[in-house]
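Written below as structure tokens is the structure these notes are about.
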Amino acid sequence: MRRTTIREFAKASLYNPVLIEGLPGLGMVGKIAVNYMIKQLQARKFAELYSPHFPYHVVVNKRGGIRLLRAEIYYWKSQGRGCDLILITGDSQAQTIDGQYEVASSILDFAEKYEVKRIITIGGYRSEDETPGVFCASNSEDFFKDALRAGAKPTPPGSPIVGLAGLLPGLTAFRGMEGLCILGKTKGYLPDPEAAKSVLEVIVRLLGIPLELKGLDKEIEKAKRLEGNLRGIEANRALRSTKIRKEEERRTSYIS
């Protein structure tokens with residue numbers, strides 16, 4: 001494989017589709033959000049994206065089978081209740097600058113094929129503030145205002161948005177599309193379902209999709225317990241380090 005490839009194994013007839021991307025990134029916010037949408041909406045997979053720019057290892061399943069890293073592409077039909085959706089998530093981001101642009105271009109080519117006019121990317125916004133919050137940025141004033149009305153806040157000026165979360169909406173201007181990046185506030189070092197839920201609350205209001213979000217509450221509680229356990233471990237480690245240091249200082253003082 002020399003270039004990024006999308007294997008399409010089913011056709012979908014979509015009405016005014018909006019493409020939503022959520023690959024792994026800060027706090028896994030995008031991946032958690034899109035995976036949840038796929039599951040709750042019972043979206044159907046119809047394509048897979050493979051790239052030589054993904055990490056060079058394979059995934060092993062429970063039966064010992066292997067597969068390449070990939071992105072998976074799903075669709076959901078609104079049944080006359082609004083726009084249809086194309087949902088993209090996957091195992092990894094591209095690992096090189098050229099790879100990021102190539103994967104982004106392949107996704108935009110695919111979007112053009114389905115006459116997508118609006119693209120939403122989901123990511124994390126690093127912050128130590130534990131208060132949930134959602135930021136947005138766009139190449140379209142109208143799309144940006146829509147996101148603000150849906151509950152997002154403007155992303156602070158000068159903030160870099162790396163990976164596909166930034167590149168896809170940035171490149172949409174060259175394709176005659178509108179691009180919007182929605183970022184959930186997260187500490188970033190653990191998977192953050194609470195940030196993902198905050199982002200999805202904005203998307204539900206923005207697109208009017210029938211998505212119930214209570215299913216994330218259990219995951220949020222699990223994440224909080226895990227973070228609390230890690231804090232306890234770190235506190236115990238710091239306490240032991242302090243005791244060891246004081247003991248070493250006492251011994252040094254005794255010898256001298």
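Fair warning: this is a prediction, and the values are worked out from it, not measured in the lab. Side chains are part of it too, since the values below use all heavy atoms of this structure and drop only hydrogens, waters and symmetry mates.
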Whether Phe46 and Tyr75 hold their rings parallel, tilted or perpendicular, with breakpoints at 30° and 60°: perpendicular
CE-CG distance between Met177 and Leu108, expressed to the nearest 0.5 angstrom: 5.5 Å
Within 6.0 Å of CZ in Arg44, more than 12 heavy atoms from elsewhere: no
Leu41 side, atom CG; Tyr36 side, atom OH - distance, nearest 0.5 Å: 9.5 Å
From CD (Glu112) to OG1 (Thr172), nearest 0.5 Å: 11.0 Å
Side chain to side chain, Leu180 and Leu206, heavy atoms closer than 4.5 Å: yes
Distance in Å, Leu87 CG paired with Lys45 NZ, rounded so as to fall on 0.5 Å steps: 13.5 Å
Test item: Ser138 side-chain N/O and Gly179 main-chain N/O as donor-acceptor pair under 3.5 Å: yes
Closest heavy-atom pair and its distance - Glu219, Pro193: O-CG, 3.4 Å
Side chains of His53 and Gln95 in contact at under 4.5 Å (non-hydrogen atoms): no
Arg67 side chain vs Val59 backbone, donor-acceptor pair below 3.5 Å: no
Any donor-acceptor N or O pair under 3.5 Å, side chains Glu212, Gln40: no
Non-hydrogen atoms of Ser92 and Pro55 that approach each other most closely: OG-CD, 3.1 Å
Shortest non-hydrogen separation from Phe135 to Ala152 and the atoms involved: C-CB, 4.4 Å
Aromatic contact, Tyr15 with Tyr114 (centres under 6.0 Å): no
Worked check of side-chain contact (heavy atoms from CB on, under 4.5 Å) between Arg118 and Asn16: CA-CA 9 Å; Arg118 283 186 158 187; Asn16 190 28; over 6 Å; no
Ser127 versus Asp129, side-chain donor and acceptor atoms under 3.5 Å: no
Flag side-chain contact, heavy atom, 4.5 Å: Leu23 against Lys31: no
Check: Lys185 side chain, Thr131 main-chain N or O, donor-acceptor pair, under 3.5 Å: yes
Phe9, CZ atom: more than 12 neighbouring heavy atoms under 6.0 Å: yes
Lys218 vs Glu221 side-chain heavy atoms within contact, under 4.5 Å: no
pair Phe143-Glu141: side-chain heavy atoms closer than 4.5 Å: no
Non-hydrogen side-chain atoms of Tyr74 and Met37 separated by less than 4.5 Å: no
Any donor-acceptor pair under 3.5 Å from Asp192 side chain to Val29 backbone: no
Criterion salt bridge (charged side-chain N to carboxylate O under 4.0 Å, His left out) on Lys214 and Asp217, from CA distance to verdict: CA-CA 5 Å; Lys214 290 183 179 179; Asp217 292 342; over 6 Å; no
Minimum heavy-atom distance between Lys77 and Asp84, given as atom pair plus value: CA-OD1, 3.4 Å
Thr5 (side chain) donor-acceptor with Tyr50 (main chain) under 3.5 angstrom: no
Distance-minimising heavy-atom pair for Ala150 and Val202: CB-O, 3.6 Å
Thr4 and Ser106 side chains, donor-acceptor separation under 3.5 Å: no
Side-chain donor or acceptor of Gln100 paired with backbone N/O of Ala94 under 3.5 Å: yes
Point-to-point distance, once rounded to the nearest 0.5 Å, from CG of Leu69 to OH of Tyr56: 12.0 Å
Residue pair Ile120 / Leu207, side-chain heavy-atom distance below 4.5 Å: yes
Gap between atom OG of Ser198 and atom CD1 of Ile220 - 0.5 Å precision: 7.5 Å
Considering all heavy atoms, the nearest Cys136-Leu148 contact: SG-CD2, 3.8 Å
Sidechain N-carboxylate O distance under 4.0 Å for Glu72, Arg70: yes
Sub-4.5 Å side-chain heavy-atom contact between Ser159 and Tyr125: yes
Partner residues of Ser140 under the side-chain hydrogen bond (donor to acceptor under 3.5 Å, both in side chains) criterion, sequence neighbours left out: Glu178
